[in-house]
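A short worksheet on the structure shown next.
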Amino acid sequence: QLPVVSVVRDSESQLLPNVGAVVTCKVCSINSRFAKVHILYVGSTPLKSTFRGTIRREDIRATEKDKVEVYKSFRPSDIVLAKVISLGDAQSNYLLSTAENELGVVVARSEAGVQMVPISWCEMQCPRTHTKEFRKVARVQPQFLQT
C-alpha cells in the first residue's frame, strides 16, 4: 500500500473575457484618444483578478465617430458596460466597444459624490445639485439589472 499524493486546484478556473462577451468595467483614466478601464465582470460573473481594457475614441459610438470626445463620454470611476472586440496579449489590453445603445455608462458619480441619474442617451444629472454632465449612457436591458 503506497500513499497517494494528489494536487487539488481551485474549484473554478479563472474566467477570461472572450470576443463578443459583455463586460462590466471601471474607468481608470481618460485622454483624448481612449479610455483605460479595469474589467471587473464577464457577464454577471465577477473576476478574481481584474484585466485591463481600452475603449478607443472610434469605438465609443456607432454613429458620428469623428465627433466623439472621450471626456464627454466617460470620466474616471464610471462603471461601464462594454463588449470585447479583440483579445489582449501580454503587452496590450483588451479592446472594448460601447458602440451599441445597450452599452455605455451605467453608474456615474457627480462632483458632489452622488450617483447620477440618466436623463438622455448623452447626459446624466446629479439629483442633489441638478448639474448635468455628458456621458455615453447605456440603455440597460432588464436582464442586466441586478439589485
Side-chain angles (χ1 to χ4, degrees), residues 7-65 67-147:
V7 177
V8 179
R9 291 184 60 193
D10 197 5
S11 57
E12 63 231 33
S13 61
Q14 173 67 55
L15 182 67
L16 294 173
N18 56 339
V19 174
V22 174
V23 295
T24 305
C25 39
K26 184 175 187 172
V27 178
C28 301
S29 65
I30 59 171
N31 66 29
S32 61
R33 293 179 299 128
F34 52 80
K36 290 209 172 284
V37 300
H38 282 146
I39 300 171
L40 308 172
Y41 286 76
V42 174
S44 59
T45 308
L47 296 174
K48 290 183 181 145
S49 57
T50 60
F51 292 97
R52 290 191 314 229
T54 302
I55 305 171
R56 297 177 304 187
R57 194 180 89 157
E58 57 268 24
D59 296 324
I60 292 175
R61 273 201 332 230
T63 58
E64 298 179 324
K65 293 180 182 197
K67 295 180 182 168
V68 173
E69 294 178 76
V70 178
Y71 75 93
K72 284 188 173 179
S73 302
F74 308 115
R75 300 276 169 90
S77 82
D78 284 357
I79 303 298
V80 175
L81 276 180
K83 190 172 272 187
V84 179
I85 55 175
S86 105
L87 301 179
D89 56 32
Q91 290 80 34
S92 71
N93 306 326
Y94 284 87
L95 269 182
L96 307 175
S97 169
T98 57
E100 293 177 27
N101 291 339
E102 293 76 28
L103 305 174
V105 176
V106 288
V107 178
R109 295 212 174 273
S110 66
E111 302 276 327
V114 180
Q115 185 169 323
M116 297 201 301
V117 179
I119 54 173
S120 75
W121 62 273
C122 63
E123 278 186 313
M124 291 183 126
Q125 186 173 31
C126 174
R128 184 179 296 160
T129 63
H130 301 293
T131 54
K132 295 177 184 176
E133 293 181 20
F134 288 106
R135 293 291 200 284
K136 195 295 183 185
V137 179
R139 190 177 68 212
V140 181
Q141 299 299 104
Q143 69 263 27
F144 292 121
L145 289 174
Q146 294 178 338
T147 54

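Of all non-hydrogen atoms in V23 and P17, the two that sit nearest each other are CG1-CB, 4.3 Å. Nearest approach of I39 to L47, heavy atoms of both residues: O-CD1, 3.6 Å. In terms of heavy atoms, A21 sits closest to V42 at CB-CG1, 4.1 Å. Of all heavy-atom pairs between T24 and G43, the closest is OG1-O, 4.2 Å.
Contact annotation: the side chain of V137 never approaches that of V105 to less than 4.5 Å [non-hydrogen atoms, C-beta and beyond]. Side chains of V22 and L81 form a contact here, defined as non-hydrogen atoms less than 4.5 Å apart. You'll find the side chain of T129 stays beyond 4.5 Å of the side chain of E111, heavy atoms only. With contacts defined as side-chain heavy-atom distances shorter than 4.5 Å, the pair L87/Y94 qualifies. Looking at S32 and V70, their side chains never come closer than 4.5 Å, going by heavy atoms from C-beta outward. When side chains are defined from C-beta on, R135 counts as touching R75, because their heavy atoms get closer than 4.5 Å.
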Side-chain donor-acceptor pairs under 3.5 Å in residues 112-128, sequence neighbours left out?
unit_1, atom_1, unit_2, atom_2, d
S120, OG, C122, N, 3.2
S120, OG, E123, N, 3.2
Q125, NE2, H130, O, 3.1

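Here H38 contributes atom NE2 and S29 contributes atom OG; the two are 8.5 Å apart, rounded to the nearest 0.5 Å. Remark: K83 NZ to I55 CD1 distance equals 13.5 Å, nearest 0.5 Å. For the atom pair CD1 of I30 and NZ of K72, the computed distance is 12.5 Å after rounding to the nearest 0.5 Å.
S73 contributes a side-chain N or O that, together with a main-chain N or O of E69, makes up a donor-acceptor pair within less than 3.5 Å. In this structure a side-chain-to-backbone donor-acceptor pair under 3.5 Å is present from K136 to L103.
Screening V37, I85, D59, I60 for a side-chain contact (heavy atoms from CB on, under 4.5 Å) involving L96 leaves a single residue, V37.
Looking at residues two or more places apart in sequence or on another chain, you find a side-chain contact (heavy atoms from CB on, under 4.5 Å) between T54 and F34, K36, R56, N93, L95.
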